[in-house]
Trainee: 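Below is the structure I would like to discuss, written out as structure tokens.
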Amino acid sequence: MDEETVERVREVVAAIPPGQTLSYGEVAARAGLRSPRLVGRILAEDGHDLPWHRVLRADGTCAPHIAAEQSARLRAEGVLLVGGRLPAERRRRG
DNA sequence: GCCATGACAGGAG
DNA sequence: GCTCCTGCCATGG
């Protein structure tokens, strides 16, 4: 894992404005990664200081492990998850 | 070196 | 709507 790659992802995630969200794929694309899974790995290891809760899956849903935290943090920013997923209008395309 | 797993994505059935 | 398969990269047994 290149530190530069990690920094890229960290910057992209940190650049997500409150109330907005990005998909793992979008973050990966912005960070220059060839796989969104790397985003998940990086966030899991070095994303504890980042607003990782603003990163969701392509469907607008979130992983079961973090679903509770995800929804709670987003709700604190004024984002409501409907049916366990985020409305498409809240998702930033870039 | 091979296989399995993970905060994923897209396509097919 | 859900499940299964494949591609992607890194890590651990």
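Letters A, B, ... are given to chains in the order of the sequence lines, protein chains preceding strands, and every chain is numbered from 1. It should be emphasised that the depicted structure is a prediction, and the values quoted were computed from it without experimental measurement.
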Trainee: What is the distance, to the nearest angstrom, from the CG atom on A/D46 to the P atom on C/dT11?
Mentor: 11 Å
Trainee: For the CZ atom of A/R54 and the CG atom of A/L86, what is their distance to the nearest 0.5 Å?
Mentor: 13.0 Å
Trainee: Give A/R57 one of three labels, base, sugar-phosphate or nothing, depending on what nucleic acid heavy atoms sit under 4.0 Å from its own.
Mentor: sugar-phosphate
Trainee: Please find the earliest and latest nucleotides of DNA chain B, in the 5' to 3' direction, that have an atom within less than 4.0 Å of any heavy atom of chain A.
Mentor: B/dG6 to B/dG10
Trainee: Is the CD atom of A/E4 crowded by more than 12 outside heavy atoms at less than 6.0 Å?
Mentor: no
Trainee: Classify A/A44 by what it touches in the nucleic acid, base, sugar-phosphate, or nothing, heavy-atom distance under 4.0 Å.
Mentor: base
Trainee: Can you tell me how far CG of A/L38 sits from CG of A/L33, rounded to the nearest 0.5 angstrom?
Mentor: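 Going from the CG atom of A/L33 to the CG atom of A/L38 covers 5.0 Å.
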Trainee: If you round to the nearest 0.5 Å, how far is CG of A/L74 from CD of A/Q20?
Mentor: 11.0 Å
Trainee: Find out whether A/L81 and A/C62 are in side-chain contact, i.e. whether some heavy atom of one side chain is under 4.5 Å from a heavy atom of the other.
Mentor: yes
Trainee: Using a 4.0 Å heavy-atom cut-off across all strands, classify A/R73 as base, sugar-phosphate, or nothing.
Mentor: nothing
Trainee: Output yes when A/R91 and A/E26 qualify as a salt bridge under the 4.0 Å nitrogen-oxygen rule, no when they do not.
Mentor: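 No, A/R91 and A/E26 are not salt-bridged.
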Trainee: Using heavy atoms to find the nearest nucleotide of DNA chain C for A/R41 and A/R85 separately, return the residue whose nucleotide is more 5′.
Mentor: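 Whichever sits nearer the 5' end wins; that is A/R85.
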Trainee: Distances for protein N/O vs nucleotides 4-8 of chain C N/O pairs under 3.5 angstrom?
Mentor:
{"residue": "C/dG7", "atom": "O6", "partner": "A/R37", "partner atom": "NH1", "Å": "3.4"}
{"residue": "C/dC8", "atom": "O2", "partner": "A/S35", "partner atom": "OG", "Å": "3.2"}

Trainee: Working to the nearest 0.5 Å, report the span between OH of A/Y24 and CZ of A/R37.
Mentor: 11.5 Å
Trainee: First locate atom CZ of A/R10, then atom CG of A/L50, and finally report the distance between them rounded to the nearest 0.5 Å.
Mentor: 4.5 Å
